[in-house]
Amino acid sequence: MDRRMIGVIGLGLMGQSIAIACASAGYRVILSDSAEGRVFDFISRHPEFEEALVEAKSLADFASCSIVVEAVVEQLQVKLDLLRALETAAPSTTLASNSSTFMPSELAVGLVDRSRLLVCHFFNPADTVPLVEIVPSPDSDPIRIAQVEHFTRSIGKHPVLLRHEVEGFVANRLQAAVLRECYALVERGIATPETVDEVVRLSLAPRWAANGPIATADLGGLDIFVALCDRLFPRLDRSTQAQQLLRRKVHDGRLGAKSGAGLYDWPEEHREAAVRRLTEFFRFGAERERGALRLHAIAEEAR
Ligand SMILES: NC(=O)c1ccc[n+]([C@@H]2O[C@H](COP(=O)([O-])OP(=O)(O)OC[C@H]3O[C@@H](n4cnc5c(N)ncnc54)[C@H](O)[C@@H]3O)[C@@H](O)[C@H]2O)c1
């Protein structure tokens with residue numbers, strides 16, 4: 001087994017950006033996808049990583065990888081079948097699933113050795129967004145958890161380790177809570193999608209980006225937030241499934257930017273501009289952090 005070899009199975013939206021993140025950090029990346037020609041096309045589009053990206057001939061090729069990131073479709077049976085086959089084909093490799101909804105204990109049910117599996121949840125696009133949620137099951141081996149933490153740091157990511165598994169982990173639970181209210185406000189005609197996004201972009205999001213929601217509330221004063229929670233919690237949307245607004249869009253084929261329209265219309269130049277804004281936002285954040293660290297080091301030196 002080679003520590004500098006990582007496997008990525010499933011080369012869709014997520015698998016591609018995970019593979020790029022690994023190759024950019026100097027890993028050799030073994031790839032596979034069930035769709036004919038997808039790995040070949042992907043490698044052809046990235047001549048800069050010609051040396052680093054390698055198509056697997058069979059699952060046995062993943063035996064040489066220290067970690068395999070599973071990024072296939074979010075269907076439990078597909079993942080279970082793949083992970084079971086991989087456990088045998090790659091007998092000592094760590095199995096890291098990028099699932100966004102299944103808990104590691106659900107994914108490990110078919111394995112003989114459940115200690116080998118954990119969730120390593122990247123965010124789209126994985127070569128840009130720094131956070132990775134690492135979610136162990138009660139059976140996950142602490143050595144493998146540390147190995148995956150170390151691997152994510154080595155590709156420039158910021159791993160956070162959850163203490164216990166829970167559906168949706170942390171990020172998707174928060175995202176679901178906020179989106180439930182966003183869609184309800186639009187569905188009730190209280191605000192347009194543009195207004196909701198404007199409110200978040202120009203108030204909540206920058207404050208949360210700077211300090212996080214819990215620290216933001218601390219800064220505001222917890223007496224205020226007790227009053228706010230007491231008054232608003234009973235009045236918030238309590239839908240237990242996606243709202244009709246969302247279902248109608250999906251029914252009409254308006255799946256978001258990937259189909260050209262969602263709640264907004266997405267001509268290609270708008271989609272590109274949105275991706276560019278996101279990339280620049282993270283690049284600026286990273287530069288600012290490096291700058292702050294440099295200033296801190298200079299100040300320390302001057303003491
Ligand atoms: N899309 C996101 O924003 C996002 C974010 C974080 C995590 N995730 C998770 O990442 C995983 C992949 O999501 P995605 O959005 O990249 O999906 P996707 O549909 O874009 O890609 C899935 C890929 O898996 C391949 N595949 C399906 N079955 C396979 C098999 N048995 N063996 C090999 N390849 C197979 C498909 O051909 C496809 O290329 C899912 O578990 C998803 O929940 C997605």
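Positions are given from 1 along the sequence. Whatever order the structure lists them in is the order used to number ligands and atoms, beginning at 1. Bear in mind the structure is a predicted one, so any value in this text is a computation, not a measurement.
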Output the list of atoms in ligand 1 that are nearer than 4.0 Å to some heavy atom of [X], sorted by atom number.
X	result
Asn124	3 (O)
Ala35	37 (O)
Ile9	33 (C)
Lys79	40 (C), 41 (O)
His121	6 (C), 7 (C)
Val78	28 (N), 31 (N)
Ser99	41 (O)

So, [X] versus [Y]: side-chain donor-acceptor pair below 3.5 Å or not?
X	Y	result
Ser99	Glu74	yes
Gln243	Asp237	yes
Arg144	Thr94	yes

Discussion item. Tell me every residue that passes side chain to side chain donor-acceptor pair (under 3.5 Å) with Ser140, counting only those two or more places apart in sequence or in another chain.
Written reply: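 Here the qualifying residues are Ser137.
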
Fill in: Under-4.0 Å salt bridge between Arg277 and Glu280
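No.
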
Worksheet item: Would Phe122 count as a contact of ligand 1 if the rule is a heavy atom under 4.0 Å away?
Response: yes

Return the closest protein heavy atom for [atom] as residue, atom name and distance.
atom	value
atom 38 (C) of ligand 1	Arg38 NH1, 3.3 Å
atom 19 (O) of ligand 1	Val73 CG1, 3.9 Å
atom 10 (O) of ligand 1	Asn98 ND2, 2.9 Å
atom 17 (O) of ligand 1	Leu13 N, 4.6 Å
atom 21 (O) of ligand 1	Gly12 CA, 3.2 Å
atom 41 (O) of ligand 1	Glu74 OE1, 2.4 Å
atom 33 (C) of ligand 1	Ser34 N, 3.3 Å
atom 5 (C) of ligand 1	Met14 SD, 3.5 Å

Enumerate donor-acceptor pairs with a distance under 3.5 Å from any side-chain N or O in residues 49-61 to protein atoms, sequence neighbours excluded.
unit_1: Ser58; atom_1: OG; unit_2: Ala60; atom_2: N; d: 3.2
unit_1: Asp61; atom_1: OD2; unit_2: Lys57; atom_2: N; d: 2.7

Practice prompt. Consider only side-chain heavy atoms of I, L, V, M, F, W and Y, link residues closer than 4.5 Å, and tell whether Leu161 and Val69 are in one cluster.
Written response: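 The answer is yes; both residues are in one hydrophobic cluster.
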
Practice prompt. Evaluate the ring planes of Phe123 and His121, with Trp represented by its six-membered ring, and classify them as parallel (under 30°), tilted (30 to 60°) or perpendicular (over 60°).
Written response: tilted

